[in-house]
**Q** 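Take this structure, written in structure tokens, and hold onto it; I'll ask about it next.
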Amino acid sequence: MLGTIDDKIEENNRINNNLEQQVSALYQYWFEDFDPTNGVCPDNWSNQLLSTIADISGGKRPPIKSEVYSQETPISIVGAASVMGFTSEANHTEKILVTGRVGTHGVIQRFNTPCWTSDNTLVITSPFYEFTNQILHRIDYLSMNRGSTQPLITQGDMKKVVVLVPDEETLAKFEALAGSLMAQWEANYNENVKLASLRDTLLPKLMSGELDVSTIEL
């Protein structure tokens, strides 16, 4: 039974990896290779600061922190590279992108559910969510590091990253196409969260013999 759940999680992960590659290839096709415009960057596209298309802020220290999900702490605490615990309330309910400010750099996390972003993160919001996501995956974070004892990136440095921004019509087309692909990604991701929770709930009950599934045919 647990193997069946794990197999479904792995299948969703494979599909999501393929979806990510499709969107990345689409970005490269349009905004790096300029294939739709015969390899030439259109005149009405311009280099702009990342802060012109996205808002960048920092996370905060959570009011309380628990290692486990519970009714009292149902909100994920987002760290530089992954969820690092749970707390009682959210400091973000909108759709956000999160990357590390201190510690791990270059991991981009997507959240479309309430969460608490910790004080070692940078939080990015944008009406051009998928376009901004692709930019974040292409930044040279090593060259931005200001830390002497541990990696550090400031909000100011992130805001000054120069990006090529297309005309509004092209940007809207990319958002629509990439968004349709990543909507399936999010559905698969959310299913995996539920499946992992189910698996983790079942495991101790199966190990203790509280649940008997020997007669169930899968």
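Computed from heavy atoms alone, side chains included, the values below leave out hydrogens, waters and symmetry copies.
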**Q** Are any side-chain N or O atoms of Ser76 and backbone N or O atoms of Val78, one a donor and one an acceptor, separated by less than 3.5 Å?
**A**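 Here the side-chain-to-backbone pair does not exist.
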**Q** Could you check whether any side-chain N or O of Asn38 sits under 3.5 Å from a backbone N or O of Val40, counting only pairs where one atom can act as donor and the other as acceptor?
**A**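 A pair under 3.5 Å: no.
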**Q** Atom OG of Ser57 and atom CD1 of Ile124: how far apart are they, to the nearest 0.5 Å?
**A** 8.0 Å
**Q** Using modelled atom types and a 3.5 Å cut-off, is there a donor and acceptor pairing between side-chain atoms of Trp116 and backbone atoms of Gly59?
**A** no
**Q** Could you check whether atom CG of Asp43 has more than 12 heavy atoms from other residues, nucleotides or ligands sitting under 6.0 Å from it?
**A** no
**Q** Is there a path from Val98 to Phe86 through hydrophobic residues (I, L, V, M, F, W, Y) whose side chains come within less than 4.5 Å of each other?
**A** no
**Q** Without hydrogens or angle criteria, can the side chains of Ser118 and Thr121 be said to hold a donor-acceptor pair below 3.5 Å?
**A** no
**Q** Is it the case that the side chain of Thr104 and the backbone of Gly100 share a donor-acceptor pair, with hydrogens and angles ignored and the cut-off at 3.5 Å?
**A**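 No, because the side chain of Thr104 does not come within donor-acceptor range (under 3.5 Å) of the backbone of Gly100.
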**Q** About how many Å separate CG of Asn120 and CD1 of Ile153, when rounded to the nearest 0.5 Å?
**A** 12.0 Å
**Q** Is Glu94 atom CD crowded by more than 12 heavy atoms from other residues, nucleotides or ligands, each under 6.0 Å away?
**A**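 Counting neighbours around CD of Glu94, more than 12 heavy atoms of other residues, nucleotides or ligands fall under 6.0 Å, so yes.
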**Q** Please check if any side-chain donor atom of Asp167 sits under 3.5 Å from a side-chain acceptor atom of Trp45, or the reverse.
**A** yes
**Q** Which pairs pass ring pair (Phe, Tyr, Trp, His ring centres under 6.0 Å) with one or both residues in residues 120-140, sequence neighbours excluded?
**A**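 Ring pair (Phe, Tyr, Trp, His ring centres under 6.0 Å) check on residues 120-140 returns Tyr27-Phe131, Phe31-Phe131.
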**Q** Under 3.5 Å, is there a donor on one side chain and an acceptor on the other for Trp185 and Glu20?
**A**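 Judged by distance alone, the side chains do pair up.
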**Q** Begin with the C-alpha distance, continue with both residues' side-chain angles, and end with the deciding distance and a verdict on side chain to side chain contact (heavy atoms under 4.5 Å, CB included) for Arg101 and Leu152.
**A** CA-CA 6 Å; Arg101 181 184 70 85; Leu152 170 66; 3.6 Å; yes
**Q** Would you mind listing every side chain to side chain donor-acceptor pair (under 3.5 Å) that reaches into residues 155-166, with sequence neighbours excluded?
**A** Arg146-Asp157, Thr154-Asp157
**Q** Has Tyr141 got a side-chain atom pairing as donor or acceptor with Leu136's backbone, closer than 3.5 angstrom?
**A** yes
**Q** With a 3.5 Å distance limit and no angle check, can you tell me whether Thr99 reaches the backbone of Val107 through a side-chain donor-acceptor pair?
**A** yes
**Q** By the salt bridge (Lys or Arg N to Asp or Glu O under 4.0 Å) test, which pairs, at least two apart or in different chains, include something from residues 118-138?
**A**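 Those involving residues 118-138 are Glu32-Arg138, Arg61-Asp119, Arg110-Glu130.
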**Q** Please check if atom OH in Tyr189 has more than 12 non-hydrogen atoms from other residues, nucleotides or ligands closer than 6.0 Å.
**A** no
**Q** Ignoring hydrogens and geometry, is there a side-chain-to-backbone donor-acceptor pair from Asn91 to Thr117 under 3.5 Å?
**A**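 At least one qualifying donor-acceptor pair exists.
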**Q** For Lys95, I'd like to know if atom NZ has over 12 heavy atoms of other residues, nucleotides or ligands within 6.0 Å.
**A**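 Yes, the 6.0 Å shell around NZ holds more than 12 heavy atoms from other groups.
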